[in-house]
Amino acid sequence: MSSGNERPCAMPVAPELRPVILAGPTAAGKSAVALELAERLGGEIISVDCMQVYRGMDLGTAKPGPEDRRRVPHHLVDLVPLGASFDAARFVAWTTRLIPEIQRRGRVPILCGGTGLYFNAWMSGLGDAPPPDPALRRQLEEMPDAVLLEELARRDPATFDAIDRANRRRLVRAVEVIRLTGRPFSRQRASWPEDLPTLAGRSFGLRRERDVAVARIHGRVDAMFEAGLVEETRWLVARGLRENPTARNAIGYRQVMEHLEGVRGLLETREAVKVRTRQFAKRQMTWFRGQMSLDWLDVADDEPPDRTAIRLMSRLVGG
């Protein structure tokens, strides 16, 4: 397995087999378009989603179902149990191995998802942030969020603008790294020795009008609850969801766990998930616009996924 510090696509490949990136905020319709695109290009999908890797986290992550996976091979879905850890380094290691394997089968790797950290790690290199410092970590964990956020805003505005402020673990880690290194957390990444020409003309983002995006988010959340998100969360809690520091913070599951603990009623919980998902989608768009060079496709509410895939194919370079 790769160390994660190699170029993601070091071997020469035919232009038509170079990776395609399909990114964007949650509920933009990426998965459906990726399926259509993969069938037309002869591709396989690599999920760029930090929660879909966990087995059992199905409804809350909008994980592709068995029928979709029969249509097109999917990778990095249901990869690890709840008790396992998974991070950007493991994503890079797996992806670096998977891409040439897919290409050797004469197929196109399609990286589809909304986890910007994973895209960033794969394209720009793994960060050189130091390991946790137990004493400093304990000190920071005792500090109020407001104090940590003030320091982050002062010393690293880019991370302050992008960070999930409800995710205390990430907030503590960002300030910890800044204090240990004296450098902004957002700049602590290793760069590849050269640009990634293999991605030129093959990196795309999907976006919707705001009202359409909000309606799609609300519809997705309602569908998740109606399909049994509360029951799925209860089942996952019994299997260690609370003990996984990453998975337990997933939007939807975190709010439902609070509901199961009596923090709020079911209707309030559903609304809380909608609010958090809207906020998350807004942060995703801010990140993608600032951190990735994407060819954006504006998707109308009534445009079917196959039509979007055809439009995307017309923009592909070397495909």
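The analysis underlying the following values was restricted to heavy atoms, covering all of them including side chains, and did not include hydrogens, waters or symmetry mates. All values derive from a computational prediction rather than experimental measurement.
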Checklist entry - Picking from L149, L136, L148, what satisfies side chain to side chain contact (heavy atoms under 4.5 Å, CB included) with V175? => result L148
Checklist entry - Taking 4.0 angstrom as the limit, do E176 and R173 come out as a salt bridge? => result yes
Checklist entry - Of all heavy-atom pairs between R55 and P81, which one has the smallest distance, and what is that distance? => result NH1-CD, 3.6 Å
Checklist entry - So, for V108 and I102, which heavy atoms are closest and what is the spacing to 0.1 Å? => result C-CG2, 3.9 Å
Next on the checklist: Under 3.5 Å, is there a donor on one side chain and an acceptor on the other for S47 and Q52?
Outcome noted: yes
Checklist entry - Under 4.5 Å between side-chain heavy atoms, hopping through other hydrophobics if needed: is there a path connecting F288 to V212? => result no
Next on the checklist: On a heavy-atom basis, which atom in L297 and which in T308 lie closest, and how many Å separate them?
Outcome noted: CD2-O, 4.1 Å
Checklist outcome for this item: D301 meets the salt bridge (Lys or Arg N to Asp or Glu O under 4.0 Å) criterion, sequence neighbours left out, with none
Checklist entry - Counting only heavy atoms not in E101, do more than 12 fall under 6.0 Å of its CD? => result yes
Checklist entry - Which pair of non-hydrogen atoms, one from G43 and one from I110, has the smallest distance, and what is that distance? => result CA-CD1, 4.4 Å
Checklist entry - With a 3.5 Å cut-off and no angle check, do the side chains of T277 and R220 form a donor-acceptor pair? => result no
Item to check | Of all pairs that satisfy salt bridge (Lys or Arg N to Asp or Glu O under 4.0 Å), the ones with a partner from residues 62-86, not counting sequence neighbours | outcome: E36-R71, E39-R71, D58-K63, K63-D78, R69-D78
Checklist entry - Is the number of heavy atoms from other residues, nucleotides or ligands under 6.0 Å of R239 CZ greater than 12? => result yes
Checklist entry - Quick check: does any side chain N or O of R208 sit under 3.5 Å from a backbone N or O of A300, one acting as donor and the other as acceptor? => result yes
Item to check | Heavy-atom closest contact (H74 atom, P64 atom, distance) | outcome: CD2-CG, 3.7 Å
Next on the checklist: Can a donor-acceptor pair be found, under 3.5 Å and without considering hydrogens, that links the side chain of R264 to the backbone of H259?
Outcome noted: no
May I have the list of side-chain donor-acceptor pairs in residues 245-252 shorter than 3.5 Å, sequence neighbours left out?
{"from": "R248", "atom 1": "NH1", "to": "R242", "atom 2": "O", "distance (Å)": "3.0"}
{"from": "N249", "atom 1": "OD1", "to": "R254", "atom 2": "NH1", "distance (Å)": "3.2"}
{"from": "N249", "atom 1": "ND2", "to": "P245", "atom 2": "O", "distance (Å)": "2.9"}

Next on the checklist: When you measure from the side chain of T115 to the backbone of L117, do you find a donor-acceptor pair of N or O atoms at a distance under 3.5 Å?
Outcome noted: no
